[in-house]
Protein chains: 2
Amino acid sequence: MPVDHRSPTPLYVQLAAILREQITSGELASDAPLPSESYLQQENGVSRVTVRKAVEVLRNEGLVYTLPQRGTYVR
Amino acid sequence: MPVDHRSPTPLYVQLAAILREQITSGELASDAPLPSESYLQQENGVSRVTVRKAVEVLRNEGLVYTLPQRGTYVR
DNA sequence: TTTCATTTGTCCGTATGTATT
DNA sequence: AAATACATACGGACAAATGAA
């Protein structure tokens, strides 16, 4: 389910929901790296700002952790 | 001393005063980088627009200088 | 050891829409 | 009406660290 640019729901909230689903479903297992910001950007047709805000949401939820200059991983 | 959202004084003026105090007190030494915009945003509960306007005030006062695409530093 | 690509961190500039005062 | 402020979103650029070649 791609993001919907015409939806009233903010894009970063939509993207966070997509990634959250992939994590809770096990599609992204524990300690697995999230796709990189640039990948998520291109794949979802959104800006890097939006990607980073989506990841920030998951980080605040404790679902993922970020290693600077390395990547973000599923907790 | 945090900003006061109910004060009639504009938030960017309040934030500028806070940063000015940290500079003149020496808490932020010469050539030290100001905290990042996102940090100041979250730390003070204001928007990026407000942070940038506050920094602009200090720049106009000659208290800080900004290197394009690099950051803002204490003069 | 040096080089190179990748990735996150940070900054700059801009724009639209909404709410409050 | 105008100023202030926030939230969202886009694009581009450079820095710093990592890891692989």
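Letters go in sequence order (proteins before strands), and every chain restarts at 1.
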Problem set entry | Side-chain H-bond candidate by donor/acceptor type, N44(A) with Y39(A), under 3.5 Å | no

Problem set entry | G-U wobble or Watson-Crick pairing nucleotide for dG19(D) (cut-off 3.5 Å, both distances) | dC4(C)

For this session: Return the nearest nucleotide to the side chain of S47(A); candidates are dT8(D), dG11(D), dC14(D).
Result: dG11(D)

Problem set entry | T50(A) vs dC10(D): side-chain N/O to OP1/OP2 distance below 4.0 Å | yes

Exercise. So which one's nearest nucleotide on DNA chain D is more toward 5', T9(A) or H5(B)?
Worked result: H5(B)

Seminar exercise, completed: E56(B) CD to dT4(D) P, in whole Å, measures 12 Å

For this session: Measure from the side-chain N and O atoms of E37(B) to the backbone N and O of V51(B), and report whether any donor-acceptor pair falls under 3.5 Å.
Result: no

For this session: Determine: side-chain N/O of R48(A) to OP1/OP2 of dA9(D), distance under 4.0 Å, yes or no.
Result: no

For this session: May I ask you to verify if any side-chain N or O of K53(A) is less than 4.0 angstrom from the OP1 or OP2 atom of dT8(D)?
Result: yes

Exercise. If you check every side-chain atom of E37(B), which of dC11(C), dT8(C), dC10(D) has the closest atom?
Worked result: dC11(C)

Problem set entry | Proximal nucleotide (of dT10(C), dA9(D), dC14(D)) relative to the Y12(A) side chain | dA9(D)

For this session: Say whether S38(A) and R48(A), considering side chains only, have a donor N or O and an acceptor N or O under 3.5 Å apart.
Result: no

For this session: Let me know, please, whether P35(A) or S36(B) comes out on the 5' side of the other along DNA chain C by nearest nucleotide.
Result: P35(A)

For this session: Give a yes or no on whether a donor-acceptor pair under 3.5 Å exists between the nucleobase atoms of dT18(D), that is its base, and the side chain of Q69(A).
Result: no

Exercise. Can you check whether S38(A) has a side-chain N or O nearer than 4.0 Å to OP1 or OP2 of dT6(C)?
Worked result: no

Exercise. If you look at every strand shown and take non-hydrogen atoms under 4.0 Å, does R70(B) touch a base, only sugar-phosphate, or nothing?
Worked result: sugar-phosphate

Problem set entry | Donor + acceptor pair across side chains of S30(A), R75(A) (<3.5 Å) | no

Exercise. Which whole-number value in Å describes the distance from Q41(B) CD to dG9(C) P?
Worked result: 15 Å

